[in-house]
Amino acid sequence: MDSIHDVSPVSGLTHAFYRYPARFSPSFARITISLFTERNDIVYDPFMGGGTTLVEAMQLGRRSIGTDLNTLAVFVSRAKTSMYTDEDISAIWAWVMEAQSDLVLNKTPNRPIDWISQGYQRNISGRTTWPIRKSLEIAIASLNSLANVKQQNFVRCLLLKTAQWAVDCRKYHPSARDFRKQLLIHAEEMIEGALLLRKEVELIRNGLPDNNSFTPVCLHLSAHEILYPSNYSFSSAPKLILTSPPYPGVHVLYHRWQVNGAKETPAPYWIADCLDGNGASFYTFGDRKYRNLETYFDNMRKCYSALSAIGDKNTWLVQLVAFSSPEWQLPLFLQILQECNFQEMLLDDAPNTIDGRLWRTVPNRKFYADKRGKTASSKEVLLIHRRS
Ligand SMILES: C[S@@+](CC[C@H](N)C(=O)[O-])C[C@H]1O[C@@H](n2cnc3c(N)ncnc32)[C@H](O)[C@@H]1O
């Protein structure tokens, strides 16, 4: 219960690698995984987002897998769950040091013409944002000095984090000099997190056979595609499906940063070297303007029938969900889960529950409901189900 109401900033291990929208609190993921699973069990997050579940599963010695149809989520989750060797860290640190003298505006980088022509630099070449854009161009052009893709992706993630800090939802944008300074601060923080995670995983691996790996599998798939053995074949049914799906009727910007108020940029994809090209509704189970959220509930049904099919009678489904209009959306959401053979477990005896469920207020919510003034989406409910 304490972990449900945990409002401390998302940090520790590699959690601060990127501020993925609508993330779990790591302590909620940690407690849930420890309560519902044992060492070596499989934990699956079908809508993994920034990979909070996977990082926590890893440090607890659980095998884990995550899927997401957002390439950015897959990129971030892989960067957060990779094991970095001392050699990797030295190379990354050397790159960061070099960048301190390299990222200067009198340089002329080769412009990434392909990305520009496809609009990935939209809204980041304004009067106050162009120094950040140019610093990023110089930095990305120098990535080939790193020996392997793992190191390059760590640095891309560092650039992503620092560019998000510099551009997203800010009134004033920092100078190129401040960007460099922040890059250094973020690099120290990320390296410390990566080393800590490695230490935890090494501790937990101790004594287990070499081939026993807790490195999560992060797949770029829609959750309903997990059903196909050609995509992934489970060695046994997952013991726990721990997740936050897209929220009914709630608008979350998973794939854009907001520059100068309402302007949006797809620049995160250019920085992470992955493709977007899909509108917001692609990442939220459909457009919230559809009557009765029909596409949302159709997509939900499709994904949860697949989750039901890969589970067995020992599989738990634990979710945090928010609704723009809980009064009609929650009953429909629960009905679909029941149709997919998930049976709800209510916490009838627990203190402070309303309707047998735990509700929590979400701090600093950046998304909003479909009707102005409605605040329901700033509350999340914990739903616990068992595959029947
Ligand atoms: C609320 S976020 C998950 C956040 C995550 N719990 C974390 O801690 O970062 C929901 C995610 O679902 C993903 N998503 C939406 N539709 C999907 C689908 N059909 N299959 C897989 N992922 C999907 C979105 O891209 C988004 O990353």
Side-chain angles (χ1 to χ4, degrees), residues 3 6 9-30 32-33 43-58 64-81 216 218-228 231-232 240-256 268-269 272 274-288 293 295-307 310 317-323 362 365-367 377 380-383:
S3 77
D6 182 22
V10 178
S11 62
L13 301 173
T14 52
H15 292 299
F17 269 33
Y18 181 66
R19 277 190 295 116
Y20 197 84
R23 292 174 297 171
F24 279 155
S25 113
S27 71
F28 163 69
R30 188 176 324 138
T32 308
I33 296 168
V43 179
Y44 172 37
D45 188 340
F47 312 103
M48 74 182 153
T52 316
T53 300
L54 307 186
V55 172
E56 290 301 324
M58 237 175 137
S64 61
I65 150 158
T67 48
D68 203 296
L69 46 64
N70 187 356
T71 52
L72 192 62
V74 179
F75 169 82
V76 170
S77 298
R78 284 188 184 148
K80 283 165 83 171
T81 55
C218 306
L219 299 175
H220 178 221
L221 292 179
S222 168
H224 76 277
E225 295 167 326
I226 194 66
L227 195 56
Y228 311 128
N231 286 330
Y232 188 73
L240 171 66
I241 300 175
L242 171 59
T243 200
S244 257
Y247 300 152
V250 178
H251 176 56
V252 182
L253 218 49
Y254 291 114
H255 68 316
R256 295 281 187 268
Y269 292 89
C274 51
L275 295 178
D276 172 33
N278 301 296
S281 57
F282 181 71
Y283 302 108
T284 52
F285 276 178
D287 200 316
R288 70 205 151 102
L293 296 181
T295 47
Y296 179 96
F297 288 107
D298 285 350
N299 277 315
M300 176 190 166
R301 193 172 276 109
K302 200 160 72 172
C303 289
Y304 284 79
S305 346
L307 300 187
I310 55 152
L317 169 65
V318 178
Q319 311 180 78
L320 272 180
V321 197
F323 301 87
V362 190
R365 256 291 122 97
K366 272 223 200 98
F367 53 71
S377 58
E380 281 171 344
V381 65
L382 173 72
L383 298 175

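One-based numbering, in listed order, for ligands and for the atoms of each. In what follows, residues are counted from 1 in the order of the sequence shown.
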Taking only heavy atoms of [X], which atoms of ligand 1 are found under 4.0 Å from at least one of them?
X: Ser244; result: 1 (C), 2 (S), 3 (C), 6 (N), 10 (C)
X: Thr52; result: 7 (C), 8 (O), 9 (O)
X: Pro46; result: 21 (C), 22 (N)
X: Asn70; result: 25 (O)
X: Cys303; result: 19 (N)
X: Ala22; result: 1 (C), 4 (C)
X: Gly50; result: 7 (C), 9 (O)

Whether [X] lies under 4.0 Å from ligand 1, heavy atom:
X: Lys302; result: no
X: Asp68; result: yes
X: Leu320; result: no

Next item on the list: Apply side-chain hydrogen bond (donor to acceptor under 3.5 Å, both in side chains) to Thr284 and Tyr296, showing your working.
Entry: CA-CA 7 Å; Thr284 52; Tyr296 179 96; over 6 Å; no
Note to self: Could you check whether any side-chain N or O of Ser25 sits under 3.5 Å from a backbone N or O of Phe28, counting only pairs where one atom can act as donor and the other as acceptor?
What the structure shows: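 Looks like yes, one N/O pair under 3.5 Å.
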Notebook entry, point to check: Between Ser64 and Val43, is there a donor-acceptor pair closer than 3.5 Å when you use the side chain of the first and the backbone of the second?
Noted result: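 A pair under 3.5 Å: no.
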How far is [atom] from its nearest protein heavy atom, and which residue and atom name does that atom have?
atom: atom 17 (C) of ligand 1; result: Leu69 CG, 3.5 Å
atom: atom 2 (S) of ligand 1; result: Tyr254 OH, 3.4 Å
atom: atom 23 (C) of ligand 1; result: Phe47 CD2, 3.4 Å
atom: atom 19 (N) of ligand 1; result: Ser222 OG, 3.0 Å
atom: atom 15 (C) of ligand 1; result: Tyr283 O, 3.1 Å

Next item on the list: Step through it carefully: locate the ring centre of Phe47, locate the ring centre of Phe285, and say whether they are under 6.0 Å apart.
Entry: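 Centroid separation for Phe47 and Phe285: below 6.0 Å.
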Checklist line | Side chain, backbone, both or neither: Tyr20 near ligand 1, heavy atoms under 4.0 Å | finding: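 The answer is the side chain of Tyr20.
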Margin query: Tell me the contacting part of Thr243 for ligand 1: side chain, backbone, both, or neither, using a 4.0 Å heavy-atom threshold, strictly below.
Written below: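 Neither; nothing of Thr243 gets under 4.0 Å from ligand 1.
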Notebook entry, point to check: Between Asp45, Thr32, Ile33, which is the residue that forms a side-chain contact (heavy atoms from CB on, under 4.5 Å) with Glu56?
Noted result: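 Only one option passes, and that is Ile33.
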Item checked: side-chain contact (heavy atoms from CB on, under 4.5 Å) partner of Phe323, chosen from Val381, Leu293, Val250 ->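 Result for side-chain contact (heavy atoms from CB on, under 4.5 Å) with Phe323: Val381.
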Note to self: Check this for me - ligand 1, Ala223, N or O atoms closer than 3.5 angstrom, yes or no?
What the structure shows: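 Looking only at distances, the answer is yes, because the N/O contact criterion of under 3.5 Å is met.
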Checklist line | Steps toward side chain to side chain contact (heavy atoms under 4.5 Å, CB included) verdict (Met48, Val74) | finding: CA-CA 8 Å; Met48 74 182 153; Val74 179; 3.8 Å; yes
Notebook entry, point to check: Regarding Tyr44 and Thr67, is there a side-chain donor-to-acceptor distance under 3.5 Å anywhere?
Noted result: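 Side chains of Tyr44 and Thr67: pair found under 3.5 Å.
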Margin query: What I want to check is whether the side chains of Tyr254 and Asp276 have a donor and an acceptor closer together than 3.5 Å.
Written below: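 Short answer, no.
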Next item on the list: Would you indicate which of Met300, His224, Met48, Glu56 comes nearest to atom 5 (C) of ligand 1 when only heavy atoms are counted?
Entry: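 Selected option, by shortest heavy-atom distance: Met48.
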Next item on the list: For residues His220 and Leu69, report the shortest heavy-atom separation together with the two atoms involved.
Entry: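 Looks like NE2-O, 3.1 Å.
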Item checked: Tyr269/Leu275 under side chain to side chain contact (heavy atoms under 4.5 Å, CB included): CA gap, chis, key distance, verdict -> CA-CA 6 Å; Tyr269 292 89; Leu275 295 178; 6.0 Å; no
Next item on the list: Using the side chain to side chain contact (heavy atoms under 4.5 Å, CB included) rule, take Asp68 and Ser77 through it: C-alpha gap first, then chi angles, then the decisive distance, then the call.
Entry: CA-CA 10 Å; Asp68 203 296; Ser77 298; over 6 Å; no
